[in-house]
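Structure first, commentary second.
Atoms within a ligand are numbered from 1 in the order they appear, just like the ligands themselves. Excluded from the calculations below are hydrogen atoms, water molecules and symmetry mates; all remaining heavy atoms, backbone and side chain alike, are included.
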Amino acid sequence: MSDYKQMWSELGLDLNAHDVLLSVLSEAYQNIFLSQKMRPQGMKYFDFVMSEVHGLRIKELMDAKAEGRIVVGSYCVFVPEELILAVDGISVGLCAGAEFNFEGAEQVLPRNLCALIKSAFGFKFGRVCPYLEACDLVVGENTCDGKKKAYEVLSPMVKDLYIIDLPQMKTDTGKMLLKGEYLKFITKLEEISGKKITYESLKKGIDIVNAKRKAVKRLAELRKADPPPISGLDALLINQVFFYDDPVRFTNSVNALCDELEERIKKGEGVSPEGTVRVMISGCPMAVPNWKVPYIVETSGATIVGEESCVGERGTQWLTETKGTTVSELIDNIIDRYFKIDCAIFTPNPSRLEHIKEMFKKYNAKGVIHYNLQFCQPYIIESGLVESNLEGNGIPTLRLETDYSQEDTGQLKTRIEAFVERIKG
Ligand code: BJ8
């Protein structure tokens, strides 16, 4: 990696703590990703992105800011990237997936809060996240209680925190609320960027994000093959990079990888032997570098063929329609698209269960691993309903509850291996 120390220091990072984080990240990456056999060549691009995730990409953000573009960070797939692109902004994901400086986070937050939230605060207090520090605007959203209240604590610690209120029910009133909130968000984006959204700029934003979604959907389709041409770990990594990378370059790289995977499928090549137990993951999002459970699964005799998650198909399954000739019609298309997201904060939330079953069938999975982060009430409560329905329909289901620590690795491995044996019959 080039020497980015000056840039990091100008962003206010704690250089020593940041070095520690990068070295842990790099070691984990070596052990988890680079040790895999039969990886596609196209993954080299994503290895490069990860090796420069706090370097070159941050430099790109800083260069863009110098040219007058804004950087907007968010923690949820309810924040429309299309709108950010329409004011020539750059959207970055801020969710964190590492247990870093939880002691710092627990100074202001309760211990019994999900690791995703604590990690974001740990990164902020530890001054190790250049993405957060590069943001002109940080967008929070009223989803679960944990995030909603934590944003109040975060507010004085960042330059500009903007909150989007979200409905909790899929009703007409809920949709009107979402529309009102997105319209206010547009005003905010126009204000801080100094640029007005036009039909052309919004249409371009929609096209860019749709192309990105189409590329990951194409990748998902290719995972139907047996043997699978790509590991679940690598597919997850791509879904994680989705939130950081330049969207056009990302799309081209995923499509180039898919070309290669198509060739592999024609030749019958895969990352695991034909007939390897196929499972899908469903539940809480896995932010970088949260690779613990997928790593255990794929080193326990199974292969992951799909993710029903916001870092996965829940976040990418729908495109935004492009019909209409006015800004207002395009905005309505965006609202229609985002209102379909079936996050567990909605009540009731039947379409998520239907989507899990649809994915199970489509990817010819043999079991579902329901991934819960400890203390995540929406997904933990919903997982009971999901499990009983899936098991009732003959779909083997394993419910896991974990955090970002490595302490339960042995126990998780025992349970996952037993589940794989159960599926094998
Ligand atoms: S749309 S899943 S990205 S809210 S894990 S912080 S729910 S206590 S992340 Fe999410 Fe948007 Fe929904 Fe998706 Fe709370 Fe649960 Fe923690 Fe969570």
Does one side chain, of His370 or Glu387, offer a donor that lies under 3.5 Å from an acceptor on the other?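 There is no such pair between these side chains.
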
Is it true that Arg218 and Asn255 share a donor-acceptor pair across their side chains at a distance under 3.5 Å? yes

Starting from [atom], locate the nearest protein heavy atom and write down its residue, its atom name and how far away it is, to 0.1 Å.
atom: atom 10 (Fe) of ligand 1; value: Lys147 NZ, 3.9 Å
atom: atom 17 (Fe) of ligand 1; value: Leu116 CD2, 4.0 Å
atom: atom 16 (Fe) of ligand 1; value: Cys114 SG, 2.3 Å
atom: atom 5 (S) of ligand 1; value: Cys376 SG, 3.7 Å
atom: atom 14 (Fe) of ligand 1; value: Cys144 SG, 2.3 Å
atom: atom 13 (Fe) of ligand 1; value: Cys310 SG, 2.3 Å

Check each atom of ligand 1 against the heavy atoms of [X] and keep those under 4.0 Å away; list them by number with element.
X: Tyr379; result: 2 (S)
X: Thr143; result: 4 (S)
X: Cys343; result: 1 (S), 2 (S), 4 (S), 12 (Fe)
X: Ile117; result: 6 (S)
X: Phe78; result: 1 (S)
X: Cys76; result: 1 (S), 3 (S), 4 (S), 11 (Fe)
X: Arg314; result: 2 (S)

Any [X] side-chain heavy atom under 4.5 Å of [Y] side chain:
X: Arg337; Y: Glu321; result: no
X: Phe123; Y: Leu94; result: no
X: Glu382; Y: Thr347; result: no
X: Val139; Y: Ile164; result: yes

Any Pro285 heavy atom less than 4.0 Å from ligand 1: yes

Please determine whether a side-chain nitrogen of the Lys or Arg among Asp160 and Lys188 lies less than 4.0 Å from a carboxylate oxygen of the Asp or Glu. yes

For Phe33 together with Phe46, are the ring centres under 6.0 Å from each other? no

Would you find a donor on one side and an acceptor on the other, under 3.5 Å apart, between the side chain of Lys212 and the backbone of Phe242? yes

